[in-house]
There are 2 protein chains.
Amino acid sequence: MPTESGRRIPEATVSRLPQYYRVLLENTGTGLVTISSDRLAELAGVNAAKVRKDLSYLGSFGTRGVGYDIEYLLHEIARELGLTQDWPCVIVGIGNLGAALANYRGFGARGFRVVALADADSSKVGQKVADLEIEPVTELTTICEREKVTIAIIATPQSESQNVADTLVEAGVKSILNFASGMLSVPDGVAVRKVDLATELQILSFYQLRNGNGNNGSANGTGPS
Amino acid sequence: MPTESGRRIPEATVSRLPQYYRVLLENTGTGLVTISSDRLAELAGVNAAKVRKDLSYLGSFGTRGVGYDIEYLLHEIARELGLTQDWPCVIVGIGNLGAALANYRGFGARGFRVVALADADSSKVGQKVADLEIEPVTELTTICEREKVTIAIIATPQSESQNVADTLVEAGVKSILNFASGMLSVPDGVAVRKVDLATELQILSFYQLRNGNGNNGSANGTGPS
DNA sequence: GCCACCTTGTGATCATTTTCTCTAAGTCTG
DNA sequence: CAGACTTAGAGAAAATGATCACAAGGTGGC
Ligand SMILES: NC(=O)c1ccc[n+]([C@@H]2O[C@H](COP(=O)([O-])OP(=O)(O)OC[C@H]3O[C@@H](n4cnc5c(N)ncnc54)[C@H](O)[C@@H]3O)[C@@H](O)[C@H]2O)c1
Ligand SMILES: NC(=O)c1ccc[n+]([C@@H]2O[C@H](COP(=O)([O-])OP(=O)(O)OC[C@H]3O[C@@H](n4cnc5c(N)ncnc54)[C@H](O)[C@@H]3O)[C@@H](O)[C@H]2O)c1
């Protein structure tokens, strides 16, 4: 059910667009103007046919015999992914991981701006991390409204994650990135993605056992739930 | 090309086994002895038929009319994922993220033990993080051999990640969890999994644009590269 | 022991994703 | 300007994964 045009972009494609985007960005300084699907595929670590199929969902703006105009392609992907706008983010749970994320200057670079931090621990509230003051998690609703937060990052212990998610959803947040290990129940229309260390390690463990089967694991975040 | 039996476990199934494992673990204290595919599916946030299909790849040890014996199922999944053995891990790049990972007591719990830390910054070398002394990255080969490292976690800047990976592969490491954003080229038989914040956020951004399409994003780590 | 009830395991079907192949469209050289 | 060459785009086929539907097997009540 696409918002504007008739084309529907497959989930698998969506999860690869950021990779292409990154690779293209890395090629903007090099004087290159165009890039072929072959080269892009090589840099992104995927199959060239896949690149062409993926990009064809965005429209047909490659030039046969030449390739894709890098600037234009960047612009199109950015538009499709919504990277042309600003997404204010909040991080909930400023422990080991939350603090590292807050200090991470690197995704703030491209539209994702951490605008608030929240924690339940009163001894942490008021402390400054990465120039932001940690606020009490009881104020979460207020914070989200004040800052027009659209994306929330949960880095609390697993036991608290559902509560926090409920509050966030209540406050109108529509996208959640969850670092706690459990599953989150959210209403339709709210997107959740999970990053789970333990899962990743366990998958590696599996392939370690079956070593030499040529299966390279595979990058994250791609598949359907 | 499975190691022992004739059954081959699909990649998609492998990436769900850790979820089942976690859910089952959370149900060991509750006095419950068995669990039905329905209940397990609900707790893991997937379809019941999928649970049964997945588990059927491990063999048929459910009891019709009753469900699966929790202890036995845990044991079987652990065996399949190789969680019955110890996997010594090294973390390379002890910055914001690397330090958070090193301090994280939680995956050390189940077979994954961080046994060494390495960094290129000489001012960090010798410091202690989580009771481990940071060693120079130039010693990486020695460290891997000394500690019999099988899984490496890369948390260096992206620019260094390929170099580090090459060294690790050289030293015989067969599984890499990469937090840097780029792609890693590794020989066949080495598994790489990637955790990329920027990618996750960008995917969320996409679904934020197309809001209300009923697509919940979907959990990570499932899909093929 | 028979019967009503549950729940697994699996063959069949459907959907999605990946890959292959080939054509059409363009560039570049001479 | 013609011909060689490069590369996107699209249709078809193959592979993989999700879901359905139901028979087979097992439990517990009586
Ligand atoms: N640290 C890591 O490397 C790592 C890796 C993978 C997963 N995780 C997961 O990320 C989460 C956080 O890990 P961590 O190591 O940072 O833990 P942590 O204990 O260091 O931090 C958790 C923080 O959440 C806060 N908190 C607790 N309840 C809260 C609530 N209801 N609302 C807001 N804040 C609350 C705590 O005060 C604390 O500051 C855990 O679920 C963990 O499993 C962490
Ligand atoms: N911090 C985060 O929340 C976060 C989130 C997502 C992704 N990342 C990625 O994780 C990586 C690390 O992020 P960070 O915030 O910890 O960065 P950081 O700069 O804090 O830490 C990087 C560490 O790597 C060390 N290092 C540099 N070159 C090295 C080499 N050749 N060998 C060994 N160590 C080396 C540095 O000395 C430093 O200690 C980056 O690639 C970043 O993009 C970080």
Side-chain angles (χ1 to χ4, degrees), chain A residues 1-2 6-17 19-20 24 32-70 72-73 76 213-219 221-225, chain B residues 1 6-17 19-20 32-70 72-73 76 213-219 221-225:
Chain A
M1 204 176 298
R7 61 199 141 89
R8 203 196 58 101
I9 302 186
E11 203 174 333
T13 295
V14 172
S15 69
R16 276 187 301 265
L17 289 179
Q19 314 297 322
Y20 302 149
L24 289 168
L32 281 179
V33 174
T34 60
I35 190 169
S36 70
S37 60
D38 256 315
R39 179 84 181 117
L40 183 46
E42 187 189 335
L43 294 172
V46 301
N47 178 298
K50 207 185 294 190
V51 170
R52 291 199 293 274
K53 245 299 176 279
D54 285 342
L55 296 183
S56 77
Y57 290 113
L58 312 191
S60 314
F61 38 73
T63 315
R64 299 181 182 201
V66 177
Y68 300 89
D69 184 284
I70 294 180
Y72 188 59
L73 189 48
E76 285 300 310
N213 64 350
N215 189 320
N216 270 23
S218 80
T222 302
S225 92
Chain B
M1 204 176 297
R7 62 199 140 88
R8 202 196 59 101
I9 303 185
E11 203 175 332
T13 294
V14 172
S15 68
R16 278 187 300 264
L17 289 179
Q19 314 297 321
Y20 303 148
L32 282 178
V33 174
T34 59
I35 190 168
S36 70
S37 60
D38 256 313
R39 179 83 182 119
L40 183 46
E42 187 190 334
L43 293 172
V46 301
N47 179 297
K50 207 186 292 191
V51 169
R52 290 200 295 273
K53 248 279 172 348
D54 284 344
L55 296 183
S56 78
Y57 290 113
L58 312 191
S60 316
F61 37 73
T63 316
R64 301 181 180 200
V66 178
Y68 300 89
D69 183 283
I70 295 180
Y72 188 59
L73 189 48
E76 284 300 309
N213 64 351
N215 190 320
N216 270 23
S218 81
T222 302
S225 94

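Here is how names work: the chains are called A, B, and so on, in the same order as the sequence lines, proteins then strands, and each is numbered from 1.
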Interatomic distance where [atom1] belongs to [X] and [atom2] belongs to [N] [whole Å]:
{"X": "Y57(B)", "N": "dG11(C)", "atom1": "OH", "atom2": "P", "result": "11 Å"}
{"X": "E11(B)", "N": "dT18(C)", "atom1": "CD", "atom2": "C1'", "result": "12 Å"}
{"X": "L40(B)", "N": "dC6(C)", "atom1": "CG", "atom2": "P", "result": "20 Å"}
{"X": "R8(B)", "N": "dT16(D)", "atom1": "CZ", "atom2": "P", "result": "6 Å"}
{"X": "L55(A)", "N": "dA10(D)", "atom1": "CG", "atom2": "P", "result": "12 Å"}
{"X": "I70(A)", "N": "dT7(D)", "atom1": "CD1", "atom2": "P", "result": "14 Å"}
{"X": "I35(B)", "N": "dT7(C)", "atom1": "CD1", "atom2": "P", "result": "12 Å"}
{"X": "D38(A)", "N": "dC5(D)", "atom1": "CG", "atom2": "C1'", "result": "14 Å"}

So if I take every side-chain heavy atom of [X] and compare against [options], which nucleotide ends up nearest?
{"X": "A12(B)", "options": "dT19(D), dT17(C), dA18(D)", "answer": "dA18(D)"}
{"X": "K53(B)", "options": "dC20(C), dT8(C), dT19(D)", "answer": "dT19(D)"}
{"X": "A49(A)", "options": "dT18(C), dT8(C), dT19(C)", "answer": "dT19(C)"}
{"X": "R52(A)", "options": "dT17(C), dT8(C), dT21(C)", "answer": "dT21(C)"}

Exercise. Start at the 5' end of DNA chain C and walk down; is the nucleotide closest to R64(A) or to P10(A) reached first?
Worked result: P10(A)
For this session: Would you please test L58(A) and I9(A) for side-chain contact (heavy atoms from CB on, under 4.5 Å) and show each step?
Result: CA-CA 8 Å; L58(A) 312 191; I9(A) 302 186; 3.6 Å; yes
Would you please confirm or rule out a distance under 4.0 Å between OP1 or OP2 of [N] and any side-chain N or O of [X]?
{"X": "S56(A)", "N": "dG9(D)", "answer": "no"}
{"X": "K50(B)", "N": "dG17(D)", "answer": "no"}
{"X": "Y68(A)", "N": "dG9(D)", "answer": "yes"}
{"X": "T63(B)", "N": "dG26(D)", "answer": "no"}
{"X": "R39(A)", "N": "dT6(D)", "answer": "no"}

Problem set entry | Close side-chain approach of T63(B) and D69(B), heavy atoms under 4.5 Å | no
For this session: Side-chain contact test, heavy atoms from C-beta onward, threshold under 4.5 Å: evaluate it for Y68(B) versus R52(B) and give yes or no.
Result: yes
Exercise. Among I35(B), L73(B), D54(B), which residue meets the side chain to side chain contact (heavy atoms under 4.5 Å, CB included) test with Y20(B)?
Worked result: D54(B)
Seminar exercise, completed: Nearest heavy-atom contact between A41(B) and N47(B) is CB-C, 3.8 Å
For this session: May I ask you to say what F61(A) touches in the nucleic acid, namely base, sugar-phosphate or nothing, with a heavy-atom cut-off under 4.0 Å?
Result: sugar-phosphate
